Engineer: 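I am attaching a structure below and will ask some questions about it afterwards.
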Amino acid sequence: MSFVSTIPVPDESYRVFSPAAQAEVAGYVKRLADGLAGRRIDTLGVDPAAVPLFAAEVEATRATIDSGAHFVLYERIDGVTGILEQGVFAWVLGNLLGVPTVQNSEGWKVIEVYDRGVGTIEGGVRYHQTRQGAYVHNDATADPDPIDYLLLSCVRDALVGGESILIDAATVHRKLLDHPDVLAVLEGDFWFENRGMAEDQRLFRAPIIGYDADGKPLIKYFRVYMEAAHAKAGEPMTDEQVRALDFLDTLLDQTPVQYRLRLEPGQSLVQADERFLHTRTAFHDRFPSRVVDPATDRAEDVNRFMFRIWSNRA
């Protein structure tokens, strides 16, 4: 009998900020939150000079995200309390990593990830608005341009489920090298759509597997979005493309290529989006789905809830 398990999370990918850095950023977050006065979090200006200790410790993790394990889990910050402050902290962290980018047609740069109870991905709803699992993907599939960093900051975990599953493109690529016929198809162009990113529908073509200037693999994948894009383009996937995607999905479903972790309240996860795939297991919440107001709701009264930020290097 043989046993299989997920990839252990490396030590370099788990970071605890020093007490001094935590106190510094917690005080700054409170000052920013107090000055919001009903505005959106992503209207706040962030001054790195206001948190030099914290900024330096964040910068010390960048190499792990860019060229190491490609993800870092940051432990919670003492003194950051409540939904609003966790969102402001995520905004500060996202600004220190780079320049936050727009994530929807309204121009928002901070997105609240929780189940709205409004439908399914198959019905056209965006992934972050559901409690569905599966659908391994990276986030920059709705735009031709990649994003450097995907940040998720946890306010509340689910009652059951909601584990994060992380998969490095380099690991997938090494497996695909043994199947050059499949790899060749994935290096070809597929249709993608800008779901939720603009009022006007826009389709574009891109490969699933690409390469950077140094020949290292990059990835762009969200099968259900791609299938919808092919249908809208009036160009169904070929049998060869379908078989290649079936092979890829089977590969991504294998535990030996996966990291698994469960974000706890206050923790933040950052990954290199174009070098990494992710998904989550389906989850069950404590309460019926409803709209959450970060300014007035208490963390203990809400369901699984996270803040999401996309950042590009400055």
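Predicted, not measured: the structure shown is a model, and the values here were computed from it.
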Engineer: Does Met237 reach the side chain of Leu245, with side-chain heavy atoms less than 4.5 Å apart?
Structural biologist: yes

Engineer: Show your reasoning for whether side-chain hydrogen bond (donor to acceptor under 3.5 Å, both in side chains) applies to Arg62 and Tyr149.
Structural biologist: CA-CA 10 Å; Arg62 190 182 299 274; Tyr149 304 117; 3.0 Å; yes

Engineer: Whether Arg304 and Asp285 form a salt bridge (side-chain N of Lys/Arg under 4.0 Å from carboxylate O of Asp/Glu) is what I want to check.
Structural biologist: no

Engineer: Will you find, in the side chains of Thr101 and Asn312, an N or O donor that is under 3.5 Å from an N or O acceptor?
Structural biologist: no

Engineer: Is there a donor-acceptor contact under 3.5 Å from the side chain of Ser13 to the main chain of Phe71?
Structural biologist: yes

Engineer: Side chains of residues 174-189: which donor-acceptor pairs under 3.5 Å do they make with residues two or more places apart or in other chains?
Structural biologist:
from, atom 1, to, atom 2, distance (Å)
Arg174, NH2, Thr171, OG1, 3.3
Glu187, OE2, Tyr211, OH, 2.4

Engineer: Would Arg76 and Asp78 count as a salt bridge (Lys or Arg N to Asp or Glu O under 4.0 Å) if you check the C-alpha gap in whole Å, the side-chain angles of each, and the deciding distance to 0.1 Å?
Structural biologist: CA-CA 6 Å; Arg76 67 177 297 274; Asp78 286 339; 2.7 Å; yes

Engineer: If you look at every heavy atom in Arg15 and Thr61, which pair is closest and at what distance?
Structural biologist: NH1-CG2, 3.2 Å

Engineer: What verdict does the salt bridge (Lys or Arg N to Asp or Glu O under 4.0 Å) test give for Glu235 and Arg205, after you've listed the backbone C-alpha separation in whole Å, the side-chain angles of each residue and the deciding distance to 0.1 Å?
Structural biologist: CA-CA 12 Å; Glu235 187 180 314; Arg205 293 177 65 81; 3.3 Å; yes

Engineer: In Å, rounded to the nearest 0.5 Å, how long is the span from CG of Leu218 to CG of Asp273?
Structural biologist: 10.5 Å

Engineer: Measure across Val160 and Arg262 and return the closest heavy-atom pair with its distance rounded to 0.1 Å.
Structural biologist: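 Closest approach of Val160 to Arg262, heavy atoms only: C-NH1, 4.4 Å.
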
Engineer: Is there a donor-acceptor pair under 3.5 Å between the side chain of Asp42 and the backbone N or O of Trp108?
Structural biologist: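 Answer holds: no.
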
Engineer: If you look at every heavy atom in His284 and Ala158, which pair is closest and at what distance?
Structural biologist: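 Looks like O-CB, 3.8 Å.
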
Engineer: If we only count heavy atoms from C-beta on, is the Asp47 to Tyr28 side-chain gap below 4.5 Å?
Structural biologist: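 In short, these two side chains touch, coming nearer than 4.5 Å.
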
Engineer: Counting only heavy atoms not in Glu240 (residues, nucleotides, ligands), do more than 12 fall under 6.0 Å from its CD?
Structural biologist: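 At most 12 heavy atoms, drawn from other residues, nucleotides or ligands, come within 6.0 Å of this atom.
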
Engineer: Would Arg156 and Phe305 count as a cation-pi pair here, with the cationic atom under 6.0 angstrom from the ring centre and within 45° of the axis?
Structural biologist: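 No, Arg156 and Phe305 do not form such a contact.
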
Engineer: Under a single-linkage definition using a 4.5 Å side-chain heavy-atom cutoff for Ile, Leu, Val, Met, Phe, Trp and Tyr, are Val110 and Leu151 assigned to the same hydrophobic cluster?
Structural biologist: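 Val110 and Leu151: one cluster.
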
Engineer: Assess whether atom NZ of Lys216 is packed by more than 12 heavy atoms of other residues, nucleotides or ligands within 6.0 Å.
Structural biologist: no

Engineer: Looking at every non-hydrogen atom in both residues, tell me the closest pair between Lys109 and Pro100 and how far apart they are.
Structural biologist: CD-O, 3.7 Å

Engineer: Any sub-3.5 Å donor-acceptor pair from Arg223's side-chain atoms to Tyr221's backbone N or O?
Structural biologist: no

Engineer: Going from OH on Tyr259 to CD1 on Ile7, what distance comes out if it is rounded to the nearest 0.5 angstrom?
Structural biologist: 4.5 Å

Engineer: Measure the CD-NE2 distance between Gln258 and His278 for me, rounded to the nearest 0.5 Å.
Structural biologist: 13.5 Å

Engineer: Relative to the ring of Phe204, is the ring of Phe192 parallel (under 30°), tilted (30 to 60°) or perpendicular (over 60°)?
Structural biologist: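 Correct class here is parallel.
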
Engineer: side-chain hydrogen bond (donor to acceptor under 3.5 Å, both in side chains), that's the test. Do Asp253 and Thr250 meet it? Break it down for me.
Structural biologist: CA-CA 5 Å; Asp253 199 40; Thr250 301; over 6 Å; no

Engineer: Which atom pairs, donor and acceptor, lie under 3.5 Å between side-chain atoms of residues 86-98 and protein residues at least two apart or in another chain?
Structural biologist:
from, atom 1, to, atom 2, distance (Å)
Gln86, NE2, Ser153, OG, 2.8
Trp91, NE1, Leu44, O, 2.9
Asn95, ND2, Trp91, O, 2.7

Engineer: Between atom CG of Leu36 and atom CD of Glu85, what is the distance when rounded to the nearest 0.5 Å?
Structural biologist: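 Separation between the atoms: 10.5 Å.
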
Engineer: Is it true that Arg243 and Asp246 make a salt bridge, defined as a side-chain N closer than 4.0 Å to a carboxylate O?
Structural biologist: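 The answer is no: the pair does not qualify as a salt bridge.
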
Engineer: Angle between ring planes, Phe17 versus Tyr74, binned at 30° and 60°: parallel, tilted or perpendicular?
Structural biologist: parallel

Engineer: Taking all non-hydrogen atoms of both residues, which atom of Leu261 and which atom of Leu166 are closest, and how far apart?
Structural biologist: CD2-CD1, 3.9 Å

Engineer: Do Val9 and Leu73 come close enough that some side-chain heavy atom pair is under 4.5 Å?
Structural biologist: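 They are not in side-chain contact.
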
Engineer: Taking the side chain as C-beta and beyond, is there a heavy-atom pair between His230 and Pro236 under 4.5 Å?
Structural biologist: no

